[in-house]
2 protein chains.
Amino acid sequence: MPATKGLASSVRMRDVAEHAGVSRMTVSRALNKPDSVKPELRQRVFDAVEELGYVHNHLARSLSSSRSNVIGLVLPSLENSIFAQTVKGISDVLRPTGYHLMLAESPDDPEEEEQVISAFVAQRVGGLILHGTEHSPAAVRMLRASHTPVVENGDLPKDPIDMVVSYSNRAASKAMTLHLARLGYSKIVFAGLASNPRAEERQKGFLEALQEVGQNPDMQKIVRVSRGFVGGEEAISHIAAHLPDTDALFCAGDVLAVGALFDCKRRGWAVPDRLAIASFDDVDLVRHVSPTITSLRLPRYEIGRRSAELLLQRINSKKSSVKKVDLGFEIVQRAST
Amino acid sequence: MPATKGLASSVRMRDVAEHAGVSRMTVSRALNKPDSVKPELRQRVFDAVEELGYVHNHLARSLSSSRSNVIGLVLPSLENSIFAQTVKGISDVLRPTGYHLMLAESPDDPEEEEQVISAFVAQRVGGLILHGTEHSPAAVRMLRASHTPVVENGDLPKDPIDMVVSYSNRAASKAMTLHLARLGYSKIVFAGLASNPRAEERQKGFLEALQEVGQNPDMQKIVRVSRGFVGGEEAISHIAAHLPDTDALFCAGDVLAVGALFDCKRRGWAVPDRLAIASFDDVDLVRHVSPTITSLRLPRYEIGRRSAELLLQRINSKKSSVKKVDLGFEIVQRAST
DNA sequence: AGTCATTAAGTTACCGGTATCAAAAATCGG
DNA sequence: CCGATTTTTGATACCGGTAACTTAATGACT
């Protein structure tokens, strides 16, 4: 049972009001719409606030006004710093508006995500940004029923809850695979994490590309690996053991690709001559290893910006303007392919 | 002006009460202390909740009960995934208790931090975990006045706001420097970020260690570098240009160390023969590069756990039990030294 | 069966703000 | 200088819950 007894109590608005010799309402106005209060009183209120160390109670404010100044963000994990840019994009938009961003972590599991979403809805946040695009029916029902503006981020889902700002995992994956094919690689293997809806889309894109270049979309060419650098090592081990004639490895994640590269070095495999390596997500690291790794640059920062902008727009005017924004991606060709 | 008109409205507790044919109070009890309501009514309430899609309003709950079920966490940045473990530690403790973690990002700047803290206090969070240990006087005053339980994390400050769970940056830095000296390195250079209170402590520890081994604590041996891999390159460039007889580089950050290692490779400098490299913060990456990098393992996960535990303990009983926990550190000797 | 203790449900007031409307003060035109 | 209009301030109710207390129901025991 959560409980904070005698919460941050102390100074209330009525204390400020008494201290300044005005009514509570005047204090409220001085704080929220300063222009509607005469300069003299306004100053008296500010002085009293300062003197008493009053901090506005957003709880009460939100409750009575049915407004919130909090935007919630649900991310699958903080281990991966790829979300840092998205967070920055959101923050940059929110900061000048007086809204605050609150972040919660939730693994890629609809049940767990539902808990987190429920907590945010319980806080009556003004809007929600979800990285995941797969949600429990209860969560969707809850969000719809509460009319909470929502932006989904991780992919372009077929059936969005509300708004979407993203790139297409499938299209990006397909494009990279075609890029590899165009470079002349013909025995491409795809390595990805299991149990991640985004990873599955990437898989599909890979298979589609194979088909498009006239190859058999063979599931044998897909390796499921663990998270982290070891995942890359697993991919290389698998290739060495079962698919020795592979000439290119496409990793559905930057850390995987770097792990694979390190393992190639240990084995003395030349990259890209023995094996080319391409990665998903153009993080700093892939530009600093040697050889530098060909990668997909995703508009992480821009996704954050647009998500926040759409949310605010939607909050401030019921107009359900844009609903779906595809920000695309970009292939960055480097030394590893 | 932040504003969410017609917030997540819809179903209120009174609607549930009517639907179930009981009083609001019974609904409240059924939800919060199920045992105090007879099974039959309880079931009726649950059914009504389900049917109507009711989501508890934490705003109202917190307001009227003066309790919050939210713990706030302020981190300087999400770019660095070192905080992921701390977040996990906190979450693991909080999850079974019904508390929720809300995270906010704030650069290492007391003024900006104050804004964030103020927002959390305005939400009347039940407790706060701060990574920074340097705060604006106004922020400290606010936190003290509001009686918000606070845990500081990033270092062991001389004058804590409330509670502290951390390791000592200075002691860790000193220990690593002494370790390098013991290994026989005598021309050690320290590379760190500027404008970061933790980095400064690490610097002090470095200088103290030099003095202890009878060397002149020379500021020349300290290089200030940029964030990211490039910082490591800057350090190496500086050494090459100005301190060519350096035999060991101690980087106050793992990314710096890896950046330095990469640059050594480009230059054909053997590590550790030409230059030894040691890092602060034992992240995954330093175990996967070659050679593996000697590092300081910090109890990031444990810091999260203990912080959350202390906070809960403090929240549940005014007893101001433990105030300061030093969780120490560990030197992991690897191939780079 | 009657009295008292215990448990379950309901009533009322209030948490700390804001919306709304009414009252008071200031502004203004003739 | 007065009445009408506009601006500023105040009074009151209410946002959606819970605490504290009261009343009704259940049970225990002499």
It should be established whether A:R124 places a side-chain nitrogen or oxygen under 4.0 Å from OP1 or OP2 of nucleotide D:dC15.
no

Does a side-chain N or O from A:H58 land closer than 4.0 Å to OP1 or OP2 of C:dT18, or not?
no

Return each pair, listed once, that meets side chain to side chain donor-acceptor pair (under 3.5 Å) where at least one residue sits in residues 156-167 of chain A; pairs must be two or more places apart or across chains.
A:D162-A:R314, A:D162-A:K323, A:Y167-A:N169, A:Y167-A:R202

Please report the distance, rounded to the nearest Å, between [atom1] in [X] and [atom2] in [N].
X     : N      : atom1 : atom2 : result
A:E40 : C:dA25 : CD    : P     : 14 Å
A:L31 : C:dG17 : CG    : C1'   : 11 Å
A:D15 : C:dC15 : CG    : P     : 11 Å
A:N69 : C:dT18 : CG    : C1'   : 14 Å
B:N32 : D:dG16 : CG    : C1'   : 13 Å
A:R12 : C:dC14 : CZ    : P     : 13 Å
A:L63 : D:dG17 : CG    : P     : 9 Å
A:N57 : D:dC15 : CG    : C1'   : 13 Å

One pair to check against salt bridge (Lys or Arg N to Asp or Glu O under 4.0 Å): A:E302 and A:R306. What are the steps and the verdict?
CA-CA 6 Å; A:E302 202 56 27; A:R306 297 282 287 142; 5.2 Å; no

State which residues pass side-chain hydrogen bond (donor to acceptor under 3.5 Å, both in side chains) with B:S307; sequence neighbours excluded, sorted by chain then number.
B:N153

Which atoms of nucleotides 8-10 of chain C (N or O only) lie under 3.5 Å from a protein N or O atom, and what are those distances?
from   : atom 1 : to    : atom 2 : distance (Å)
C:dA9  : OP2    : B:K38 : N      : 3.0
C:dG10 : OP2    : B:S23 : N      : 3.1
C:dG10 : OP2    : B:S23 : OG     : 3.0
C:dG10 : OP2    : B:T26 : OG1    : 2.5
C:dG10 : N7     : B:R29 : NH2    : 2.7
C:dG10 : O6     : B:R29 : NH1    : 3.3
C:dG10 : O6     : B:R29 : NH2    : 3.3

What residues from residues 44-53 of chain B pass a heavy-atom cutoff of under 4.0 Å to DNA chain D?
none

Is B:D47 paired with B:R44 through a side-chain N to carboxylate O contact shorter than 4.0 Å?
no

List the residues meeting side-chain contact (heavy atoms from CB on, under 4.5 Å) with B:E18, not counting sequence neighbours, and say none if there are none.
B:R14

Please step through side chain to side chain contact (heavy atoms under 4.5 Å, CB included) for the pair A:I161 and A:L130, ending with a clear verdict.
CA-CA 10 Å; A:I161 300 180; A:L130 307 175; 4.2 Å; yes

Test side chain to side chain contact (heavy atoms under 4.5 Å, CB included) applied to A:S118 and A:V121, step by step:
CA-CA 5 Å; A:S118 156; A:V121 174; 5.7 Å; no

Dump the intermediate steps for side chain to side chain contact (heavy atoms under 4.5 Å, CB included) on B:M142 and B:H135, then the final yes or no.
CA-CA 11 Å; B:M142 196 185 336; B:H135 316 285; over 6 Å; no

N/O donor-acceptor pairs under 3.5 Å from side chains in residues 70-82 of chain B, not counting sequence neighbours:
from  : atom 1 : to    : atom 2 : distance (Å)
B:S77 : OG     : B:E79 : N      : 2.9
B:N80 : OD1    : B:I82 : N      : 3.3

